[in-house]
Student: 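Below you will find the structure I want to go over with you.
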Amino acid sequence: MATTPTPTPPPPPAPPKPTWDPRHPVPPFPWLRPTIRIRLTLLYGGMFLIAGILLLSIIYLLAANALNVGSDLPFEIISGQVRSDICRLRSAQLPADELNAALNACVNKQRQHALDNLLSRSLLALLGLAVIAFAFGYAMAGRVLSPLGRITRTARAVAGSDLSRRIELDGPDDELKELADTFDDMLERLQRAFTAQQRFVGNASHELRTPLAINRTLLEVHLSDPGAPVELQQLGKTLLATNERSEQLVEGLLLLARSDNQIVERKPVDLAEVASQAIDQVHAEAQAKGVEIRGVRKPAVVRGNGVLLERIALNLLQNAVRYNVAEQGWVEVTTDVEHGQAVLVVSNTGPVVPAYEVDNLFEPFRRLRTERTGSDKGVGLGLSIVRSVARAHGGHIYAQPREGGGLVMRVTLPI
């Protein structure tokens with residue numbers, strides 16, 4: 001028995017074509033677009049034309065004046081005698097040939113004087129027109145290139161971590177407006193990317209803190225039980241220390257993500273007070289390790305976030321105390337104002353640091369001579385946070401190996 005073949009279903013309809021063109025729209029007459037090239041051609045061509053017309057008119061007037069002066073006779077005939085105030089005629093009673101030659105020379109001399117006068121006035125007119133043309137050209141060039149200055153100022157603001165700035169250039173649809181619009185689109189994408197990154201890191205850190213806090217609470221409850229076995233207590237202490245390191249890592253990542261943003265709310269903060277508060281927090285640890293903290297702290301007021309600035313001093317002090325010598329170690333903390341900038345300097349004794357290793361210390365999870373962190377001195381984010389906070393405040397941090405061992409950390413912040 002033959003079976004009836006199943007009819008093939010019709011192919012699905014093609015998706016509708018988009019009603020918009022994702023490419024950049026092309027004007028119907030691209031050669032009529034007011035580009036910078038056409039505008040500059042018309043501008044400077046018109047300037048040369050106007051300058052040429054003015055110069056030609058001035059030369060025409062000067063030439064007409066010179067011709068009028070040169071066409072006047074330089075002598076007068078009075079009562080049959082020749083009199084002249086310009087030509088030096090020895091006597092009016094001269095033979096006809098000599099008199100004609102003298103009069104001809106006198107006329108040529110007057111014409112030469114008129115031509116010299118015309119040349120000198122033409123040069124003065126040319127000089128005046130050149131000054132006017134340069135001044136007018138400078139003003140017009142500044143007006144044409146003013147959008148570039150606007151783009152540059154916006155780029156400088158963006159370089160200071162202010163991704164919310166936009167050029168929003170208005171005017172003719174030329175190359176500069178196209179550049180500004182492209183730059184605005186790029187800033188929009190960068191801002192979205194940075195915002196998404198900051199939000200992801202913040203949310204991830206926040207979500208990680210909750211289970212870590214629960215783990216810490218459960219471990220502390222079990223360790224508070226006096227009847228717990230010794231092995232269980234030792235395991236609980238090890239897990240509690242590991243949990244604490246994880247919490248420090250999460251807090252460091254969250255602070256690092258926040259410090260990369262621009263500081264919006266700025267208040268006057270004295271670096272001397274910030275350094276003193278950081279010293280109070282590490283004083284007990286320094287005493288336990290036998291490290292002396294010294295230094296003169298002069299007032300140095302900057303505008304910024306006090307909590308983040310305190311984190312700079314605290315991280316530097318903690319590193320200086322923890323990475324120190326076993327005996328007779330010291331940490332020197334000074335604040336001052338130098339060359340219009342607030343300066344915080346933290347120097348310490350410690351192991352010898354090669355100069356080529358200094359830059360690696362500012363990378364996350366990097367330590368001296370080690371690729372990853374693996375000790376109880378921290379999570380390896382201290383100097384990375386310091387650099388990010390300093391950059392967010394418009395400052396810089398410089399590290400220099402100290403003779404005999406240790407480092408000299410110098411933080412400069414604008415006042």
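Just the heavy atoms: all of them, side chains too, but no hydrogens, waters or symmetry mates, feed the values below.
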Student: Taking side chain to side chain donor-acceptor pair (under 3.5 Å) as the test, write out the residues that go with Asp336, two or more places apart.
Tutor: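 Partners of Asp336 under the side chain to side chain donor-acceptor pair (under 3.5 Å) test: none.
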Student: Take Arg166 and Glu188 through the test side chain to side chain contact (heavy atoms under 4.5 Å, CB included) and record every step on the way to the result.
Tutor: CA-CA 9 Å; Arg166 297 293 182 273; Glu188 185 69 25; 2.9 Å; yes
Student: Please enumerate all residues that pass side chain to side chain donor-acceptor pair (under 3.5 Å) together with Arg216, with sequence neighbours excluded.
Tutor: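 If we apply the side chain to side chain donor-acceptor pair (under 3.5 Å) test to Arg216, skipping adjacent residues, the hits are Glu247.
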Student: Only one of Leu212, Leu218, Thr238 clears side chain to side chain contact (heavy atoms under 4.5 Å, CB included) with Asn243; which?
Tutor: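 Between Asn243 and the candidates, side chain to side chain contact (heavy atoms under 4.5 Å, CB included) is satisfied uniquely by Leu212.
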Student: What salt bridge (Lys or Arg N to Asp or Glu O under 4.0 Å) pairs are there with at least one residue in residues 268-281, not counting sequence neighbours?
Tutor: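 Output for this query is empty, none listed.
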Student: Report the residues that fulfil side-chain contact (heavy atoms from CB on, under 4.5 Å) with Ala275, sequence neighbours left out, ordered by chain and then residue number.
Tutor: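 Per chain and number, Ala275 pairs via side-chain contact (heavy atoms from CB on, under 4.5 Å) with Arg297, Val333, Thr335, Leu344.
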Student: Just list the side-chain donor-acceptor pairs under 3.5 Å for residues 282-293, sequence neighbours left out, or say none.
Tutor:
{"unit_1": "His283", "atom_1": "NE2", "unit_2": "Gln287", "atom_2": "NE2", "d": "3.0"}
{"unit_1": "Glu285", "atom_1": "OE2", "unit_2": "Arg322", "atom_2": "NE", "d": "2.9"}

Student: Could you give all pairs that pass the side-chain hydrogen bond (donor to acceptor under 3.5 Å, both in side chains) test and reach residues 345-355, with sequence neighbours left out?
Tutor: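 Of all non-adjacent pairs touching residues 345-355, those that pass side-chain hydrogen bond (donor to acceptor under 3.5 Å, both in side chains) are Asn324-Thr349.
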Student: Could I get the full list of side-chain contact (heavy atoms from CB on, under 4.5 Å) partners for His396, not counting sequence neighbours?
Tutor: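 If we apply the side-chain contact (heavy atoms from CB on, under 4.5 Å) test to His396, skipping adjacent residues, the hits are Tyr398, Thr412.
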Student: Using side chain to side chain donor-acceptor pair (under 3.5 Å) as the criterion, list what pairs up with Gln281, not counting sequence neighbours.
Tutor: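 With sequence neighbours excluded, Gln281 shows a side chain to side chain donor-acceptor pair (under 3.5 Å) to Glu310, given in chain and number order.
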Student: Who are the side chain to side chain donor-acceptor pair (under 3.5 Å) partners of Asp185, not counting sequence neighbours?
Tutor: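 Result, side chain to side chain donor-acceptor pair (under 3.5 Å) vs Asp185: none returned.
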Student: Once salt bridge (Lys or Arg N to Asp or Glu O under 4.0 Å) is applied, what residue pairs with a partner in residues 405-415 remain, sequence neighbours excluded?
Tutor: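 Sorted result for residues 405-415: Glu338-Arg410.
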Student: Can you name the side-chain contact (heavy atoms from CB on, under 4.5 Å) partners of Leu126, sequence neighbours left out?
Tutor: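 Leu55.
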Student: Which pairs count as salt bridge (Lys or Arg N to Asp or Glu O under 4.0 Å) when at least one residue sits in residues 50-63, sequence neighbours excluded?
Tutor: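 Residue pairs with at least one partner in residues 50-63: there are none.
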Student: Just verifying a value: how many Å separate Ile167 CD1 and Lys177 NZ, rounded to the nearest 0.5 Å?
Tutor: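 With rounding to 0.5 Å, CD1 (Ile167) is 11.0 Å from NZ (Lys177).
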